[in-house]
Amino acid sequence: MNPVEVGLQNRCRHHCRSGLCRQKANRQGQTGHRQNPEFRPAHNCSQQKRQNRHCPRPEWRLLGQHEVETDARGEADRQPKRPAAPFSRQSCEHLGCQLGNAADGHSPGWLSARVVCVTMHGGDRPHGPAPVGCIPHEPVLNHRSTHKNHREKIVRPMTVVTRFAPSPTGFLHIGGGRTALFNWLFAKHHGGKFLLRIEDTDRARSTQAAVDAILDGLKWLELEWDGEAVSQFARKDRHAEVVRQMLERGQAYRCYATPEELEAMREEQKAKKLPLRYDGRWRDRDPSEAPAGVNPVIRLKAPQTGETVIRDHVQGEVRVQNAELDDMILLRSDGTPTYLLAVVVDDYDMGVTHVVRGDDHLTNTFRQLQIYHAMGWTPPEYAHVPLIHGPDGAKLSKRHGALGIDAYRDMGFLPETMRNYLLRLGWGHGDAEIISTEQAIAWFSLDAIGRSPSRLDFPKMENLNAHYIRECEDTRLTTLVLPFIEKKLGRALDGGERDLLHRAIPGFKPRVKTLVELADGAMFLFAKRPLTLDDKAAGQLTPEARAQLTVLAARFGALSEWTAAALEGVVRDYAEQAGLKLGKVAQPLRAALTGSTVSPPIFEVAEILGKSETLARIGDVGSAN
RNA sequence: GUCCCCAUCGUCUAGAGGCCUAGGACACCAGCCUUUCACGUUGGUAACACGGGUUCGAAUCCCGUUGGGGACGCCA
């Protein structure tokens, strides 16, 4: 079959998203596609082919040779999308599964699809003439399929080196946290290195406070980096040196256009609805025309024809015409490097093998690739991770998600919660939801990262946090919640109070979603008598209830053993004698002891509070008042 | 405006042409458990954006439409 024949006959029904075929299809629609003489049919494309894979459903292989499942109801005309139960089984006539031939009045369509092709197919071996309906399909993997599982796995033996490269112009936000996590996990998974580089070439906006915030954030997330954090600015001489080489080789040139001039150019382009790009006005101009007293920037002399292709672990193959890209600035007029240049040089010098970053950098990658090409360097592999949106689907803003990672800490989230939640945002492993960091390292792969942007969902984050709080060991949880309590209390806890907290922790674990809730709930432990009652608690303390409490207090006082079980025994006996439900007595007791209607099991609370404090708190609200 | 990317329950996702009557999780609703609130447990509501095409068969492959997002700085 020659290409023209195929092209005229039909649209290409295979994966024509490569080469000319794709461009024409995109620009001119189907017609252009069909008529394009240079159309490349499927067989010229370099897809992987799955050979001889008939009847891929596993259970067919379990049914035995030459068996066919048929629909006993035999609806001849309608072609049910799915066969309706119950089935009867019939033997297949011969290797070709001819029974599919509507012998029983079934449409061959789905019937033949249920042909059992085990033995005759001999596992993966090809067999003779295709049985009816059992068309030997040769599903071809599109080398740029939309499906993440279709992405070709790029395997290159090497020691993996990843890096996280934040710019210190603000805090570490949640998207940055996830990027760092992915880089860290990928490096750990491969036993490689995870480096940290601070992209501080913008001197005006970079601050030490931001650097500290980022470092603190990473430490809190427990994402340790290898070696010292690299300052990009400190490497500016090396960057300039690389540009000098490009200049010497004619791969870069000086541009004397002023910022104002360029701004005017962009305005004009905008007005004329033209693409916004540098027009190359100094690309081929003689340096002798340079105006006096203007410090030039240095631009890359980028190729103007052909295309630049990114083979991305997440995005697949992405290509752009070089004509779409303008000559980027490498060195500013003050001699400092721009981001585009510095990133390439540093990644190269640091031996970075995999660049994992937000997909807002995808278009930068084309330009960075051009620098790699100009320098003759092998570029790293890329994985551009979709961005995280706020709960409303819009870009993250200060209002919702774009908080510093420290804000999540202050909201009472645990670092393991954040790691688990962030991991699941855009990455999945079957039905797994609760994923330990160890498991994440074992499972993580770039190719399983989804391509669509995801939204932040606080309820789910809280649910995960509740899980990790329940899992958290009591002593650690006590330590974690202590700052929250002390802040609320406005003072430090003494040793006895810490012990009280520690003993109360198990009662709170299943009841709270965040450390803040835990701290709130535990405040009554440290409250000064007499307790301030909330409205509902006050409502519980009717005169009758107060009278009951006074009786109970007397019986409690007589107890020789101060345990939750003993206290419960007393209260149950009392309730039974008085003909009351347990709750009728327990709720006022809860109000008296905690000042609230919500708390851990009240007898445990009383045990932890101790005899004298319990009796005193009851006394405060007793009928004697 | 130009280029690029994306599209399954409200949300995160599973999904590799027939295992899909589309699965799981969060959230929500109802029942059970129960001294409160939770936890736990049982069940329920809920999605393949739309239109074409390819195929015996499409959530899945192709094209288009619509909708969202990103980039287009002497920011990173």
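Protein chains get the first letters and strands the later ones, always in sequence-line order, with residue 1 at the start of each.
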Notebook entry, point to check: Taking atom P of B:rG40 as reference, at what distance in whole Å does atom NZ of A:K509 sit?
Noted result: 14 Å
Checklist line | Presence of salt bridge, A:R511 and A:E517, under 4.0 angstrom | finding: no
Checklist line | Rounded distance (Å) that lies between atom P of B:rA71 and atom CZ of A:R319 | finding: 24 Å
Note to self: Between B:rU11 and B:rU34, how far apart are the two C1' atoms, rounded to whole Å?
What the structure shows: 31 Å
Notebook entry, point to check: So among A:L567, A:T594, A:T614, which one has a side chain to side chain contact (heavy atoms under 4.5 Å, CB included) with A:V605?
Noted result: A:T594
Next item on the list: Identify the nucleotide, in any strand shown, that forms a Watson-Crick or G-U wobble pair with B:rA25, with both distances under 3.5 Å; if there is none, say none.
Entry: B:rU11
Next item on the list: Grab the CG-P distance between A:D534 and B:rC37 for me, whole Å please.
Entry: 14 Å
Notebook entry, point to check: Is A:E433 salt-bridged to A:K460, going by a charged N under 4.0 Å from an acidic O?
Noted result: yes
Check: What about A:R451, does its side chain sit under 3.5 Å from the base of B:rC6 through a donor-acceptor pair?
Finding: no
Item checked: Euclidean distance, atom CG of residue A:L274 to atom P of B:rC3 [Å, nearest integer] -> 12 Å
Next item on the list: Output yes when A:D347 and A:R197 qualify as a salt bridge under the 4.0 Å nitrogen-oxygen rule, no when they do not.
Entry: yes
Notebook entry, point to check: Between atom CH2 in A:W282 and atom P in B:rC74, what is the gap in whole Å?
Noted result: 17 Å
Check: Does a side-chain N-to-carboxylate-O contact under 4.0 Å join A:D279 and A:R281?
Finding: yes
Next item on the list: May I ask which nucleotide in the shown strands pairs with B:rU41, Watson-Crick or G-U wobble, both distances under 3.5 Å?
Entry: B:rG31
Next item on the list: Would you kindly give the CD1-to-P distance between A:I174 and B:rU11, to the nearest whole Å?
Entry: 18 Å
What's touching nucleotides 24-27 of chain B from the protein side, N or O pairs under 3.5 Å?
| from | atom 1 | to | atom 2 | distance (Å) |
| --- | --- | --- | --- | --- |
| B:rG24 | N2 | A:R424 | NH2 | 3.4 |
| B:rG24 | N2 | A:E433 | OE2 | 2.6 |
| B:rA25 | N3 | A:K460 | NZ | 3.2 |
| B:rC26 | O3' | A:N463 | ND2 | 3.1 |
| B:rC26 | O2' | A:K460 | N | 3.3 |
| B:rA27 | OP1 | A:N463 | ND2 | 3.4 |

Notebook entry, point to check: Between B:rC29 and B:rA38, how far is it from one P atom to the other, in whole Å?
Noted result: 11 Å
Note to self: If I take atom CG from residue A:L464 and atom CD1 from residue A:I469, how far apart are they, to the nearest 0.5 angstrom?
What the structure shows: 11.0 Å
Margin query: Does the structure show a Watson-Crick or G-U wobble partner for B:rU60, both distances under 3.5 Å? Name it, or say none.
Written below: none
Check: Starting at OH of A:Y382 and ending at C1' of B:rA71, how long is that distance when rounded to a whole Å?
Finding: 16 Å
